[in-house]
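This report concerns only the one structure given below.
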Amino acid sequence: MAKTDKPTDQPSDTKKSDRPKARLPRGLADRTGAELSATRAMLEKIRGVYELYGFEALETPAFEYTDALGKFLPDQDRPNEGVFSFQDDDEQWLSLRYDLTAPLARYVAENFDKLPKPYRSWRAGYVYRNEKPGPGRFRQFMQFDADTVGAPSVAADAEICMMAADTLEAVGIPRGSYVVRVNNRKVLDGVLEAIGLGGDENFGRRLTVLRAIDKFDKFGAEGVALLLGPGRKDESGDFTKGAGLNDREIATVLSFTSHNSTSGAAPLLDWKRLISTSEIGTEGIDELLQIEELIQAAGYSDRVKIDPSVVRGLEYYTGPVYEAELTFEITDEDGRPVRFGSVAGGGRYDGLVARFRGEKVPATGFSIGVSRLLAALAALGKLDADAEIGPVVVLAMDKEPARIADYMKMVADLRANGIRAEMYLGGAGMKAQMKYADRRGAPAVVIQGSNEKAAGEVQIKDLVEGARIAASIADNAEYRAARPAQLAVPETEMVAAIRAILERRAQGTLGLAD
RNA sequence: GCAGGUGUAGCUCAGUUGGUUAGAGCGCCGGUCUGUGGAACCGGAGGUCGGUGGUUCGAGCCCACCCACCUGUACCA
């Protein structure tokens, strides 16, 4: 920008206070190079597993009619509570999807007659939730779902649990560093019945109890007991009201849910005796026994385990529920342990399609939180995070049109040979151009001033090698004079020389681990 | 939503008992340089001190309200 001595020379006709502030809305994120390619690679791996299991692709739009999405209808005062909503020309409410299951239910209901049953599909895409963002929690995030619609058998549930395990391993989570935990909502219902919380009038308290159980991994048995009983006070002194159960009832609930993940039929049979008075509970246990049997037969017992503390979506799931949890711990930069917890979850939702069709359509599905899984992989060091190799940069040493044409020709030659290349298009001098090339991650630059031009040569500098050599040169004058990792070649050999550098770089990357 | 905390340049922070034109380091942009990334030197951009209102001759500093962010918690399809 030109030097100015008067503020009236402002190039913009807007006053500073009128200019918008360049800022990202909270809870959203920009993503660039390495992260994007890592995401792409991960999505490909997940897709590979899903398709191997026989699921087919489906894409639905980012928004739907609000009533098709479910119970989160906007009201006049707070139309965007929880979901982002807006009105169409004809006043109908539309909402951004908050998961990929509700749109699937709509799609299946709308196309029911055309689809093979069971219908097995996968979907990947961004979903939107208008809630308070936090670390690792965004208002736009990606999910990757697979669902089987029209299959009443628990074999469909067992299959999805096994697929979840295969998927986590495919993206690089080692066996033993995760567990897929399975429960059955019917068992929890049976427990609730056993402590006298059956019936419509206890709906609210049932929710409170289930929410308390869901906090097991966060607060432990004592914390959950407080939430089941009188309530719990957190670190800031804020108080959470409890479910008001008495000691015996609390003990009953905990006798189920405080078990760690298990496998084998024995504990299940114990639990079955405990809730033998409850018909629904007994049914739930029987389903879990079947799942356990299928999992054992397929050899997944070390990865997929029964765990009666899994709760998941409260008013949503009707049978088996599952959750994939990462079990390793990582410490953050402050040395505090970070748990990633659940990276995927799902369950059976026999009521969702019925909303549209009246008749029950049993379905079971599973959703991976792509962003969270990606963060976990990054922490594990499992991301293919080789820094992207930038383009070869041809420096614009002279700015006359004829010379620019020369540089453009060089770039064209490189591109014709499949080498990523560009001419420096900015207005700055050579030093700034070198900085630019450095920042772009360029493997090499091509330099041709008038001297080189007269000699029919170009200077080619290997930036990676150059940086290495430069590290041992302290004095600036010496550094400049040395021109490290730079060689002059005839113009006709420019492409070959660049290619040699790129090949050396590609090999060097493998050995750079030390 | 609730509870607690924090707001001065892109980042990390100074800023006297309230007193002229709000500073530093790092970063950023450019130059010194027919030339070379890092280093050095020189120059530059960048702040209505989170916002609004109040007290005062005078507010970055005091008061009120609001907003944003952080931590915990609630909710989470």
Side-chain angles (χ1 to χ4, degrees), chain A residues 1-4 15-19 21-23 25-27 69-72 78 81-83 95 97-103 105 127-135 137 143 207-208 211-212 214-215 218-219 223 227 231-241 311-317 336 342 345-347 349 352 367 369 393 395-398 426-442 444-445 447-454 459-486:
Chain A
M1 202 198 283
K3 283 174 193 158
T4 60
K15 282 201 232 149
K16 199 185 281 180
S17 56
D18 295 338
R19 283 186 231 148
K21 192 171 180 192
R23 64 205 237 272
R26 66 204 184 93
L69 284 182
K71 57 188 171 149
F72 297 91
R78 342 175 76 180
E81 183 77 0
V83 293
S95 294
R97 61 186 177 194
Y98 51 76
D99 68 14
L100 296 176
T101 310
V127 301
Y128 304 84
R129 294 185 188 180
N130 192 10
E131 338 175 285
K132 179 184 156 187
R137 232 177 131 164
Q143 290 193 331
L207 286 185
T208 308
R211 283 173 187 142
D214 202 24
K215 305 258 180 306
K218 206 168 179 181
F219 301 141
L227 286 171
R232 178 179 178 276
K233 197 180 274 192
D234 73 33
E235 297 166 20
S236 67
D238 195 25
F239 183 74
T240 307
K241 199 162 171 274
V311 178
R312 309 286 316 167
L314 288 173
E315 295 164 67
Y316 191 70
Y317 293 119
R336 288 181 302 189
S342 166
Y349 49 96
L352 217 57
S367 177
V393 174
L395 303 193
M397 302 299 292
D398 299 313
M430 181 176 186
K431 187 178 171 86
Q433 297 192 33
M434 289 299 294
K435 262 172 97 161
Y436 170 80
D438 189 39
R439 190 173 278 193
R440 287 299 307 276
V445 294
I447 304 163
Q448 191 189 52
S450 52
N451 292 351
E452 290 88 357
K453 171 69 175 171
Q459 297 273 343
I460 290 174
K461 177 158 185 164
D462 178 337
L463 292 189
V464 176
E465 190 62 21
R468 197 182 327 221
I469 297 170
S472 61
I473 304 175
D475 180 69
N476 184 242
E478 186 190 338
Y479 168 66
R480 289 215 315 268
R483 294 190 173 180
Q486 187 168 327

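Chain letters run A, B, ... following the sequence lines, proteins first and then strands; every chain starts at 1.
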Would you kindly check whether a donor in the side chain of [X] faces an acceptor in the base of [N], or vice versa, at under 3.5 angstrom?
{"X": "A:R129", "N": "B:rC75", "result": "no"}
{"X": "A:N476", "N": "B:rG38", "result": "yes"}
{"X": "A:K132", "N": "B:rG72", "result": "yes"}

### Query
Dot-bracket for RNA chain B, 5' to 3', with Watson-Crick and G-U pairs under 3.5 Å, [ ] for crossing pairs and | for other-strand pairs: what is it?
(((((((..((((.....[...)))).(((((.......))))).....(((((..]....))))))))))))....

### Task
Report yes if the side chains of A:D99 and A:R129 come closer than 4.5 Å at any heavy-atom pair, otherwise no.
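They are in contact (side-chain heavy atoms under 4.5 Å apart), so the answer is yes.
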
### Message
If you define the side chain from C-beta out and look only at heavy atoms, does anything of A:Y316 sit under 4.5 Å from A:L352?
### Response
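Yes, close enough: below the 4.5 Å cut-off.
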
Using a 4.0 Å heavy-atom cut-off, does [X] contact any base of the nucleic acid, only the sugar-phosphate backbone, or nothing at all?
{"X": "A:L395", "answer": "nothing"}
{"X": "A:N451", "answer": "base"}
{"X": "A:Q486", "answer": "base"}
{"X": "A:K215", "answer": "sugar-phosphate"}
{"X": "A:R137", "answer": "base"}
{"X": "A:Y479", "answer": "base"}
{"X": "A:K218", "answer": "sugar-phosphate"}
{"X": "A:F219", "answer": "sugar-phosphate"}
{"X": "A:E478", "answer": "nothing"}
{"X": "A:D462", "answer": "base"}

### Message
Just verifying a value: how many Å separate A:L395 CG and A:Q448 CD, rounded to the nearest 0.5 Å?
### Response
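Going from CG on A:L395 over to CD on A:Q448, the span is 11.0 Å.
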
### Message
Measuring from atom CG of A:D214 to atom CG of A:L227, what distance do you get when rounded to the nearest 0.5 angstrom?
### Response
11.0 Å

### Message
I want to check one thing: is the phosphate of B:rC76, taken as OP1 and OP2, less than 4.0 Å away from some side-chain N or O of A:R211?
### Response
yes

#### Entry: Below 4.0 Å: OP1/OP2 of B:rC75 and any side-chain N or O of A:K241
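The answer is no; no side-chain N or O of A:K241 sits under 4.0 Å from OP1 or OP2.
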
### Task
Provide the closest heavy-atom pair for A:Y479 versus A:P484 in the form atom of the first, atom of the second, distance.
O-CD, 3.8 Å

### Distance-minimising heavy-atom pair for A:A437 and A:L463
CB-CD1, 3.9 Å

### Task
Map A:F239 and A:A442 onto RNA chain B by nearest heavy atom, then report which one ends up closer to the 5' terminus.
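Result: A:A442.
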
### Query
Considering only side-chain heavy atoms of A:R26, which listed nucleotide, B:rC69, B:rG37, B:rU73, is closest?
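Comparing B:rC69, B:rG37, B:rU73 against the side chain of A:R26, the answer is B:rC69.
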
### Query
In whole Å, what separates the C1' atom of B:rG15 from that of B:rG25?
15 Å

Under 3.5 Å, which protein N or O atoms sit close to an N or O of nucleotides 27-31 of chain B? Give each pair with its distance.
from   : atom 1 : to     : atom 2 : distance (Å)
B:rC28 : OP1    : A:R439 : NH2    : 3.0
B:rC29 : OP1    : A:R439 : NH1    : 3.3
B:rG31 : OP1    : A:G429 : N      : 2.8

### Message
For the backbone of A:L69 and the side chain of A:Y98, can you confirm whether one donor and one acceptor N or O come within less than 3.5 Å of each other?
### Response
yes

### Query
Is there a donor-acceptor pair closer than 3.5 Å between any side-chain N or O of A:E452 and the backbone N or O of A:I447?
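Not a single qualifying donor-acceptor pair exists.
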
### Task
Check the geometry between A:Y98 and B:rA77 and answer yes if their rings are stacked (centres below 5.5 Å, planes below 30°), otherwise no.
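Given the distance and angle limits, yes, they stack.
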
### Query
Between A:M434 and A:V393, does a side-chain contact (heavy atoms from CB on, under 4.5 Å) hold up when you go through it step by step?
CA-CA 9 Å; A:M434 289 299 294; A:V393 174; over 6 Å; no

Do any N or O atoms of the protein come closer than 3.5 Å to N or O atoms of nucleotides 6-8 of chain B, and which pairs are they?
none

